Amino acid sequence: MPTEIMNVFPMIHSITIDKENDLVTELVQDINDAEGVRANLLESIATVRMYERINFYPLKKPEFIEDVMGSFAQMGLSRQITIADNTYHEINGYLGCTRVWELPLTLRDQVEKALVGYEVEYDSETWEILNITDTKE
């Protein structure tokens, strides 16, 4: 059984900023525990399997679980990908910004550092999720 490991970072839901002190005071991610990561991955893999059964893919057939991550899951494969996500975020305390990448660099760096990631061990042939642990530093 060929096992591989990848790191994932759930997408950002909301950020609270103390603009006066240039400080990120709260960061909430869409998924906040290993079981949530597992559920999201299993749901994404099930979607790919459904497309396999009906022999249809909306874009192209995913070849690796990383493709599943990029197309179906609510997570990025790196802190930078998660920060660069183009969906709208709820940003409290910094009017006019609706995405992390629109924030000043000092605040973006704080958001990036605050992201909680997870190490996912999986079988690269069957895409079975073997183990998930958080990577808190």
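Because the structure is a prediction, the values reported are computed rather than measured. Only this structure's heavy atoms are used, side chains among them; waters, hydrogens and symmetry mates stay out.
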Do Phe9 and Ile132 share a hydrophobic cluster (ILVMFWY, side-chain heavy atoms under 4.5 Å, transitive)?
-> no
Heavy-atom closest pair, residues Tyr118 and Asn32 = OH-C, 3.2 Å
Locate the shortest heavy-atom distance separating Ile91 from Cys97; write the atom from each residue and the value.
-> CB-O, 3.6 Å
Does Ser124 reach the main-chain N or O of Thr3 with its side chain, forming a donor-acceptor pair under 3.5 Å?
-> no
Nearest heavy-atom approach of Tyr122 to Met6 is CE2-CG, 3.9 Å
Any sub-3.5 Å donor-acceptor pair from Gln29's side-chain atoms to Ile12's backbone N or O?
-> no
Please name the pair of heavy atoms, one in Asp123 and one in Leu130, separated by the smallest distance, quoted to 0.1 Å.
-> N-CD1, 3.9 Å
Rounded distance [0.5 Å steps], OG1 in Thr87 versus CE in Met11 = 7.0 Å
Hey, any chance Ile83 and Leu23 share a hydrophobic cluster, counting ILVMFWY side chains that come within less than 4.5 Å of each other, even indirectly?
-> no
Would you please test Tyr94 and Ile15 for side chain to side chain contact (heavy atoms under 4.5 Å, CB included) and show each step?
-> CA-CA 9 Å; Tyr94 209 97; Ile15 301 165; over 6 Å; no
Test side chain to side chain contact (heavy atoms under 4.5 Å, CB included) on Asn92 and Ile17 and set out the steps.
-> CA-CA 6 Å; Asn92 302 301; Ile17 295 172; over 6 Å; no
Side-chain donor or acceptor of Thr135 paired with backbone N/O of Gly117 under 3.5 Å = yes
When hydrophobic residues are tied together by side-chain contacts of less than 4.5 Å, even through go-betweens, does Leu27 share a cluster with Val116?
-> no
Closest non-hydrogen atom pair, Ile31 against Val37 = CG2-N, 3.4 Å
Minimal heavy-atom distance between Ile5 and Glu119, with the atoms involved, is CG2-CG, 3.2 Å
Supply the atom-to-atom distance Leu103 CG to Asp22 CG, rounded to the nearest 0.5 angstrom.
-> 10.5 Å
Is the closest side-chain heavy-atom distance between Met50 and Arg53 below 4.5 Å?
-> yes
For the atom pair OG (Ser78) and CD (Glu112), what is the distance rounded to the nearest 0.5 Å?
-> 8.0 Å
Got a second to check how far Ile129's CD1 is from Ile45's CD1, nearest 0.5 Å?
-> 4.0 Å
Counting only heavy atoms not in Ile54, do more than 12 fall under 6.0 Å of its CD1?
-> yes
Are Leu115 and Val100 joined in one hydrophobic group, where the rule is that I, L, V, M, F, W and Y side chains link up if heavy atoms are under 4.5 Å apart?
-> yes
Roughly how far, to the nearest 0.5 Å, is the CD atom of Glu102 from the NE2 atom of His89?
-> 10.0 Å
Interatomic distance, CG@Asn86 vs CH2@Trp101, rounded to 0.5 Å, equals 5.5 Å
When clusters are formed by joining ILVMFWY residues with side-chain heavy atoms under 4.5 Å apart, either directly or through shared neighbours, do Leu77 and Met75 land in the same one?
-> yes
Can a donor-acceptor pair be found between the side chains of Gln74 and Asn40 at a distance below 3.5 Å?
-> yes
